[in-house]
2 protein chains.
Amino acid sequence: MTSLWDRSRQVAVQAILDTALRLFAEQGYEQTTIAQIAREAGISQRSLFRYFGTKEDLVCGDQDALGELLKQTVEQQPAEVSAWDALRAGFEVLLTANHTPERALELSRLIFDTPALHARYIEKRLRWQAALVPVVQARLGAAPGPTPDPRAKAIVATVFACADSATELWATHDGRLDLADLYAQCLAAVRGRS
Amino acid sequence: MTSLWDRSRQVAVQAILDTALRLFAEQGYEQTTIAQIAREAGISQRSLFRYFGTKEDLVCGDQDALGELLKQTVEQQPAEVSAWDALRAGFEVLLTANHTPERALELSRLIFDTPALHARYIEKRLRWQAALVPVVQARLGAAPGPTPDPRAKAIVATVFACADSATELWATHDGRLDLADLYAQCLAAVRGRS
DNA sequence: GCCTACCTGGCAGTTAATGCCAACTAGGCG
DNA sequence: CGCCTAGTTGGCATTAACTGCCAGGTAGGC
């Protein structure tokens, strides 16, 4: 059922993405205009905005799909797995599903170096967090009462904070360190006695 | 040495801020234009942008001073205070220094309900985090070596994650719960054995 | 009383983003 | 095959956030 439209759409999306990422890497995010991307990708400005609603989505757009994957992975962990371990499992799935390491590194650097992108990225991440809170809450076996239970929210936020710290360290060291290992170190610093 | 210029500047800033916040509360952030704020505040659009570099700064602007206050408070804690306690002390100072509770609640709701503002707020918060990492690292007594120490970064990120979770809970419950208490609960959920 | 320094306002221009409309194209149907 | 419909594309105009520039004004030192 993949019509010709769907296929050419895929091709166009990829072409736009490649052009944009190349230009961002060459001249920086702020210095690259939508007009230039559209011109070099051989598409009208108007259509570019139909594919990607905002300039930031050119970088952070495909995060949405990853968020869904993360949620499903956490949900499908066996019931006896703790909330912390379930979230770690989800995080590890993301690592393999992301892109090639080089691409992920390039994207990470772009995001961490560009305040506007960083903010947008975190905004998307916050939506993942909100979606994960009920999942984690169920795993904690809490009865939702009148006084809300901050535990699930805090745990999810902390896991993301550690994942973010680990990713930033990984990016600033050009990917030479092991990301999963950095994540474990971050979590240990938080949860261990100190 | 407060010249007339400084004073009228203060007055102007306050007038703009009051007008902007009122309009944001009445019609929402996105629906309010800079032109309208300038008109109702009796100032030119050009000068408004000189006082506040961006529209978002009308809401998140004074966060900068708070960040500096936070950093200094944490720095000035006695040496025997742990990193966690020093950060908590800083957070508590922020609570009292903020504004009136009503104003803080109104601002919090505006920020949490407006994606663009939320992103901007987090962006500023990230700068606080970066400034705090060396302070916390010194308190951890770590010798910065070739292999970086993720602990300070992770601890700071976690404290902010918990503070953010607590603030969001506090705002969604109209300020009826105690913010410091919520923060303690969040941190306990993360650091306690579970 | 003048002069310098700074502040203010208007104007034009750039960039991201949106709505509208006309031209086009794929794919179904007689 | 020829048409028709639906979905797509591109150009044009518009809005809103910003920025640079320049002319005018005002406070404060000399």
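A note on names: the letters A, B, ... follow the listed sequences, proteins ahead of strands, and every chain is numbered from 1.
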Under 3.5 Å, side-chain donor or acceptor atoms of residues 68-78 of chain B against the rest of the protein: list the pairs with distances, not counting sequence neighbours.
from: B:Glu68; atom 1: OE2; to: B:Gln72; atom 2: NE2; distance (Å): 3.4
from: B:Thr73; atom 1: OG1; to: B:Leu69; atom 2: O; distance (Å): 2.7
from: B:Gln77; atom 1: NE2; to: B:Thr73; atom 2: O; distance (Å): 3.3

- Task: Hey, could you give me each pair passing ring pair (Phe, Tyr, Trp, His ring centres under 6.0 Å) that has a residue in residues 114-133 of chain A? Not counting sequence neighbours.
- Result: A:Phe112-A:His118
- Message: Please determine whether residues B:Leu126 and B:Phe91 belong to a single hydrophobic cluster, defined as Ile, Leu, Val, Met, Phe, Trp and Tyr linked transitively by side-chain heavy-atom distances below 4.5 Å.
- Response: no
- Task: Using whole Å, report how far CD of A:Gln31 lies from C1' of C:dT14.
- Result: 14 Å
- In residues 107-118 of chain B, what residues come within less than 4.0 Å of DNA chain D, judged by heavy atoms? none
- Please check if the side chain of B:Ser47 supplies one atom and the backbone of B:Arg50 the other of a donor-acceptor pair under 3.5 Å. no
- Among the clusters formed by ILVMFWY side chains lying less than 4.5 Å apart, do B:Val93 and B:Val81 turn up in the same one? no
- Using atom CD of B:Glu30 as one end and atom P of C:dA16 as the other, report the distance to the nearest whole Å. 18 Å
- Expected list for residues 33-56 of chain B near DNA chain D, using heavy atoms below 4.0 Å, is B:Thr33, B:Ile34, B:Arg46, B:Phe49, B:Gly53, B:Thr54, B:Lys55
- Item | With B:Ala12 via side-chain contact (heavy atoms from CB on, under 4.5 Å) - residues at least two apart | B:Tyr51
- Message: I need the CD1-P distance between B:Ile16 and C:dC7, as an integer number of Å.
- Response: 14 Å
- Item | d(CZ, A:Arg120; P, C:dA16) in whole Å | 14 Å
- Task: Sorted by first residue and then second, give each ring pair (Phe, Tyr, Trp, His ring centres under 6.0 Å) pair with at least one member in residues 11-39 of chain B; sequence neighbours left out.
- Result: B:Phe24-B:Tyr29
- Under 3.5 Å, side chain of B:Asp149 to main-chain N/O of B:Arg151, donor-acceptor pair present? yes
